[in-house]
Amino acid sequence: MPQILCLTDLIAAGKLTGKRVFIRADLNVPRDAAGQITDDTRIRASIPAMTAALAAGAAVMVTSHLGRPIEGQLKPEDSLAAVAQRLGELLGRPVPLIRDWVEEGVELAPGQLVLLENCRANLGEKKNSDALAQKMAALCDIYINDAFGTAHRAHASTHGIAKYAPIAAAGPLLAGELNALARALEQPKRPLVAIVAGSKVSTKLTILKSLAHKVDQLIVGGGIANTFLLAAGLPIGKSLAEADLLSEAKAIIELMQQRGASVPIPLDVVTAKTFSASAPPEIKPAHAVAEDDLILDLGPASLSQLTALLAQAGTIVWNGPVGVFEFDAFGDGTKALAQAIATSAAFSIAGGGDTLAAIAKYGISDQIDYISTGGGAFLEFLEGKALPAVEVLMTRSVSGT
């Protein structure tokens, strides 16, 4: 993990007693049409930072974004009111929601906790306004970033405030994500196996290129696998693929081969004539796909090969289902790999929206070592990109503040 000052370090040093602590959390939860929260996972994941700060004698203020509000306008549907209510239920205490907190300030005593209204409704938030960041920093003695899901954003509440707060540190959720990712990609037990799947190579090209320099096996699935099948000279019928990226796919295969690593090309696939949950599935060797076939999943021979690789892995990174798992007839591939990961002795880390949906569908969340809630930040870490909110904490840690 990068050298970053953490909340636990500050607590151990007795630095929180009587201090005003500003926590940037990720409480951007899904809601239904009526505005009711449908999944409170992110709220639950954010609670440890809050309870630790309260137990250490701090006055705690928490903020988050929710949805995509227009800066300077807080519409009812963008309010954190439902989040405040659910947070209060989970904490067993009322959680006041403070609306005009930037200009009017926040008054609270040690042991109190308040939720500050949607930070993305503030003018200058997304532009990382120094003026806004300085106003936020003036509210606190200690800034804690516990929102890994926004770590790839250089916003006022994730980056700017960390420059100006007297002390800036990482919360347990952010630190945990960084530790897990470092263990998986920077200090992995080998073989290191990555599963990268999705509809298009173009959306994950930089991830594939980055991982091609690090992993021992790079398993591809979905539309990405179709492009690699084409690159290997195999037919894909009318399946989704990107013919203009064949040279990129070939380059990745060649790079892996030069390193003594591999991109396992599917041996067989599951096809259908139409993209439908009721379409009859047909298993075919990869070389026998017809012109009017759609490839919708990996076949049993491919899965046997891949599950054997996963059984021998020391570390597994998983991003994306390998077939159209939403249709049960074409979900065997994703289910088989999910179960192989779950039963493997490897350290496993998984992330990405569709991946989390597959983990939930097949009931293996307790068997994955680390499930990243980071979304875009998780993907950008896999791409090898610097995360601005992490970089600024590293800078502050080096400077001793």
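Under the 4.0 Å criterion applied to side-chain N and carboxylate O atoms, K284 and D268 are not assigned as salt-bridge partners. A salt bridge does not link E383 to K209: none of the charged nitrogens lies less than 4.0 Å from a carboxylate oxygen. Checked for salt-bridge contact, K361 and D328 meet the test: a charged N lies under 4.0 Å from a carboxylate O.
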Check: Taking it one step at a time, do T150 and D26 satisfy side chain to side chain donor-acceptor pair (under 3.5 Å)?
Finding: CA-CA 7 Å; T150 64; D26 182 5; over 6 Å; no
Item checked: L116 and V106: CA distance, side-chain angles, deciding distance, side-chain contact (heavy atoms from CB on, under 4.5 Å) verdict -> CA-CA 9 Å; L116 310 180; V106 182; 3.7 Å; yes
Notebook entry, point to check: side-chain contact (heavy atoms from CB on, under 4.5 Å) between I341 and I364: does it pass, once the steps are laid out?
Noted result: CA-CA 9 Å; I341 295 168; I364 60 165; 5.6 Å; no
Margin query: With side-chain contact (heavy atoms from CB on, under 4.5 Å) as the criterion, how do Y143 and I23 come out once you've worked through the C-alpha distance, each side chain's angles and the decisive distance to 0.1 Å?
Written below: CA-CA 6 Å; Y143 167 73; I23 299 176; over 6 Å; no
Next item on the list: Applying side-chain contact (heavy atoms from CB on, under 4.5 Å), run through L10 and K19 and close with a yes or a no.
Entry: CA-CA 11 Å; L10 296 173; K19 301 298 184 181; over 6 Å; no
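Listed for the T38 side chain is a donor-acceptor partner under 3.5 Å among the backbone atoms of P30. Under a 3.5 Å cut-off, the side chain of E391 and the backbone N or O of A386 do not form any donor-acceptor pair. In this structure, the side chain of D100 does not engage the main chain of E104 through any donor-acceptor pair within 3.5 Å. Without hydrogens or angle criteria, W318 side chain to I349 main chain gives no donor-acceptor distance under 3.5 Å. No donor-acceptor pair under 3.5 Å is formed between the side chain of N226 and the backbone N or O of S239. Under a 3.5 Å cut-off, the side chain of N28 and the backbone N or O of G67 do form a donor-acceptor pair. Side chain of T315 to backbone of A184: no donor-acceptor contact under 3.5 angstrom is found. With hydrogens and angles ignored, the 3.5 Å screen pairs no side-chain donor or acceptor of R42 with any backbone N or O of L27. N118 places no side-chain N or O within 3.5 Å of a backbone atom of P69 that could act as its donor or acceptor partner. Panel note: side chain T307, backbone S304; a donor-acceptor pair is recorded below 3.5 Å.
No hydrogens or angles considered: nothing links the side chains of N122 and K135 as a donor-acceptor pair under 3.5 Å. A donor atom on one side chain and an acceptor atom on the other are found under 3.5 Å apart for S372 and E177. If you check the side chains of E125 and S157, you find a donor sitting under 3.5 Å from an acceptor. For the 3.5 Å distance criterion, the side chains of R24 and H65 qualify, holding a donor opposite an acceptor. Defined by atom type and a distance below 3.5 Å, a donor-acceptor pair is missing between the side-chain atoms of T343 and Q367. Side-chain contact annotation: N179 with Y370, donor-acceptor N/O pair under 3.5 Å absent. Counting only N and O atoms by type, the side chains of H155 and N128 include no donor and acceptor under 3.5 Å apart. T271 and E282 share no side-chain donor-acceptor pair at under 3.5 Å. For the residue pair T274 and S276, no side-chain donor N or O sits within less than 3.5 Å of a side-chain acceptor on the partner.
Considering every non-hydrogen atom in both G333 and D297, the closest pair reads N-OD2, 2.9 Å. Across every non-hydrogen atom of A249 and F228, the tightest pair is O-CE2, 3.6 Å. A49 and D146 make their closest contact through CB-OD2, 3.4 Å (heavy atoms, listed as atom of the first residue, atom of the second, distance).
Atom NZ of K273 has more than 12 neighbouring heavy atoms from other residues, nucleotides or ligands inside a 6.0 Å radius. Heavy-atom neighbours of K163 NZ from other residues, nucleotides or ligands within 6.0 Å: above the threshold of 12.
Atom CG of L173 and atom CD1 of I47 lie 11.5 Å apart (nearest 0.5 Å). To the nearest 0.5 angstrom, I295 atom CD1 is 5.5 Å from L229 atom CG. Distance check, rounded to the nearest 0.5 Å: CG of L66 to CZ of R31 gives 4.0 Å.
Every side-chain hydrogen bond (donor to acceptor under 3.5 Å, both in side chains) that R44 has, sequence neighbours left out, goes to D40. Partners of L294 by side-chain contact (heavy atoms from CB on, under 4.5 Å), not counting sequence neighbours, listed by chain and number: K238, F275, L296.
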